[in-house]
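Structure first, commentary second.
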Amino acid sequence: MDLFQDLNPPQKEAVGHTEGPLLVLAGAGSGKTRVLAHRIAYLLSEARARTDQILAVTFTNKAAGEMADRVRALVGDVSAGMWMGTFHSICSRLLRIEGRRLGISPDFTIYDEQDQKLLVKQVMADLGLSPSKLAPSGVLSRISWAKSGLLTPDEYAKRALGPYEKRVATVYPLYEAALRMSNALDFDDLITIPVRLLGGHPEVLERNAARFRYILIDEYQDTNKAQYELVRLLSSTHRNICAVGDDDQSIYRWRGADVTNILNFERDFTDAKVIRLEQSYRSTKTILAASQAVIQRNKMRKAKTLWTENPVGRKIVVSGVGGEQEEGRFIADAVEQFAREESRGHGQFVVLYRTNAQSRALEEALRKSAIPYVIVGGLKFYERKEIKDIIAYLKLVSNPKDSVSLARIINVPNRGIGDVTFSRLKEFAADEGVTTGEVLDRVSEIESLKPGARRRLEVFGDIVRELRSLSESHPVAELIGLVAEKSGYLDHLKQQTTIEAMSRLENIQELVAGGYEFQERSETPTLAKFLEEVSLVMDIDLWDDHREAVSLMTLHNAKGLEFPIVFIAGVEEGLIPHHTSFEDQEELEEERRLFYVGLTRAKERVFITVALGRRGFQGWMPQVGSRFLEDIPDEFVETITPFHEERRPAPVRDHEDWGEEKIVHTGSRVRHPDWGVGTVLMSEGYGEQLRLTVRFGGNVTKRVLARYANLEILDGEI
DNA sequence: TACATTGCGATCCGT
DNA sequence: TCGCAATGTA
């Protein structure tokens, strides 16, 4: 099979340029996945590398699976043993092999955000910091930022500036110590610990850098500093690193992604070859031109010119809708019409939105119209209480030092072990310098316990020990069932007759089924591996793209996907760009890229909805169309229903005048050129988000965004 | 120690 | 609007 046959010239070059660093700047829809798959197939078929000498990093586990399928289709079943997956799954694998050197035993537990939060709270409590004064989630995000930037607690402390950072700096080292003590890793550790391992142990570096003759990284624009450092180290021997990405699609800056990794690739790898893939095979000329017009407004980007031989296609439809219900109905109607008139399967549609909260109304509308749909994300299976509880038992069984999991389940279901007993356990553990989990085997030594409490703890300890020994003789799926049974969880749920309890039982059943599925699929179906998969699974991994249903997902989840018909819901100021980004130029550029990613998912049609108002956290809030819509030239747009009745080209008032909430009170009088003089009935929000409800003469009441409404204040005061 | 009630606060994107 | 944390009561 000629692996170059169906490729265009730059694609051929990217596949054939195997030696030395290579950066492929791949525009949206330019066939980068194809290039990666062909490149791997070429390396294997030319026998330049064995499968286990190739490292391919993808952005999702699903993408890794699809890559393996494509390679298999090209050169047969050779992908077994290949290092292919997300940064996190690859690092996890590496750590189970090499982690011991840094005191990470292979049965380590991965802490998710909930676990991290509990741990931070514990640490903060020990420091006497009140969670109401210092938000644990805020502390955690600073720590995560530091870790993904490879800053140790010491380094962070040195550069900590204000009082806030200084307090974070006191939590950080203790948080790290607590993780190590529990033999647990957070998501950042999965990357940073391998980096320290490779950076600090020459023999480990040598072994692993020698192994990986060829390294490929997809979605390179969304790697963070730690991930960059990891691939830099791993590629140091052979230097055959191929990074593929598009700076215009960098949408994870908030998670530590550093787009300079792509912008500076040529500086970091001096003899790097750069290849641009600029022909788009995905979108129509109209969609491509419109999206280019949007993204070109960004300042921080590499200039590029995408082109396509695809037909011009139809215009982008922008429609104003009253609120979220109407928005849902509009989308549902459009789907029905397409399905009917053009015999489109439901799988051809996707509805994209900025926030998961938007999915509710959209979902409802589709359900009302009896349109099959699937939601990606939202309430995750593995985040349900009963599932997290059972998983916590499994984690404790797998890793006896896991203190967070123990705290979660020591009294679930109720077994009479309350706060008092647990704090005596903690106290004893602290005195002995071990974790609470380890103390479970030494309950008799804790003198502060009352006889009843001691007995109950012993019983619980027996359960855990029994499960631990069962875990050695039973496969994962059976163990899950045993956990549910021996922990008393099943009985506890069966006692209740509520619908909720029934559904929890079903979910546990589903987890058992998942365990069986895992055993059949996995080469090494160990408990640790199962727990790793459960921790690292992504919503999008579970999404079945062959299902004939309309997909609903966030713009972030849509990265790398394509659909014939794309709806983007809620293209409004405050949603996209999200209001939290209003004051930061770089964040605004990221929001623009996010919108660009949304547009470029479409092959044929784009529908955009703009709601005139939405239910906010406290009532109805008027909305105005996104500034990004103005960047799409009129020639590419067909507006069905007007969407910015209050929007005028020149806001009369300088922003200053609206800067303070106090300026306009209820009862203030204002004048509007069309509506005349009116009285303010209600004001919500402040600054640029100030919204007023005004009653004008003739019983006309209007809700307006003050920033855009052409209002003159007659008697407002400071 | 368990459970009910009240009150508050935080509201995006997700490995 | 909702979920969770602190508080009060059996």
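Chain letters run A, B, ... following the sequence lines, proteins first, then strands; residues in each count from 1.
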- Pair A:R455 + A:E458, salt bridge at N-O below 4.0 Å: no
- Is any NZ, NE, NH1 or NH2 atom of the basic residue among A:E219 and A:K32 found under 4.0 Å from an Asp or Glu carboxylate oxygen of the other? yes
- Between A:N224 and B:dT15, does any side-chain N or O lie under 4.0 Å from OP1 or OP2? no
Applying a 4.0 Å non-hydrogen cut-off, can you work out what [X] is touching in the nucleic acid: base, sugar-phosphate, or nothing?
X: A:N414; result: sugar-phosphate
X: A:N557; result: sugar-phosphate
X: A:K121; result: sugar-phosphate
X: A:T421; result: sugar-phosphate

- Item | ring centroid sep under 5.5 Å plus plane angle under 30, A:W254 with B:dC12 | no
- Message: Taking atom types as they are modelled, would you say the side chain of A:T580 forms a donor-acceptor pair with the base of B:dC12 within the 3.5 Å cutoff?
- Response: yes
- Only counting residues at least two apart or in another chain, list the ones meeting side chain to side chain contact (heavy atoms under 4.5 Å, CB included) with A:E587. A:R253, A:S581, A:D584
Give the table of side-chain donor-acceptor pairs shorter than 3.5 Å for residues 183-199 of chain A, with sequence neighbours excluded, one pair per line with atom names and distance.
unit_1	atom_1	unit_2	atom_2	d
A:N183	ND2	A:S105	OG	2.9
A:N183	ND2	A:D107	OD1	3.0
A:D186	OD1	A:K147	NZ	3.2
A:D186	OD1	A:D188	N	3.1
A:D186	OD1	A:D189	N	2.8
A:D186	OD2	A:K147	NZ	2.8
A:D186	OD2	A:Y175	OH	2.8
A:D188	OD2	A:S144	OG	2.8
A:D189	OD1	A:K147	NZ	2.8
A:D189	OD2	A:K147	NZ	3.4
A:D189	OD2	A:R180	NH2	2.9
A:D189	OD2	A:D186	N	3.0
A:T192	OG1	A:D188	O	3.2

- In whole angstroms, how far is the P atom of C:dC2 from the NZ atom of A:K385? 20 Å
- Please report, rounded to the nearest Å, how far the P atom of B:dG14 is from the CG atom of A:L542. 13 Å
- Message: By nearest heavy atom, map A:G416 and A:L536 onto DNA chain B; which one lands nearer the 5' end?
- Response: A:G416
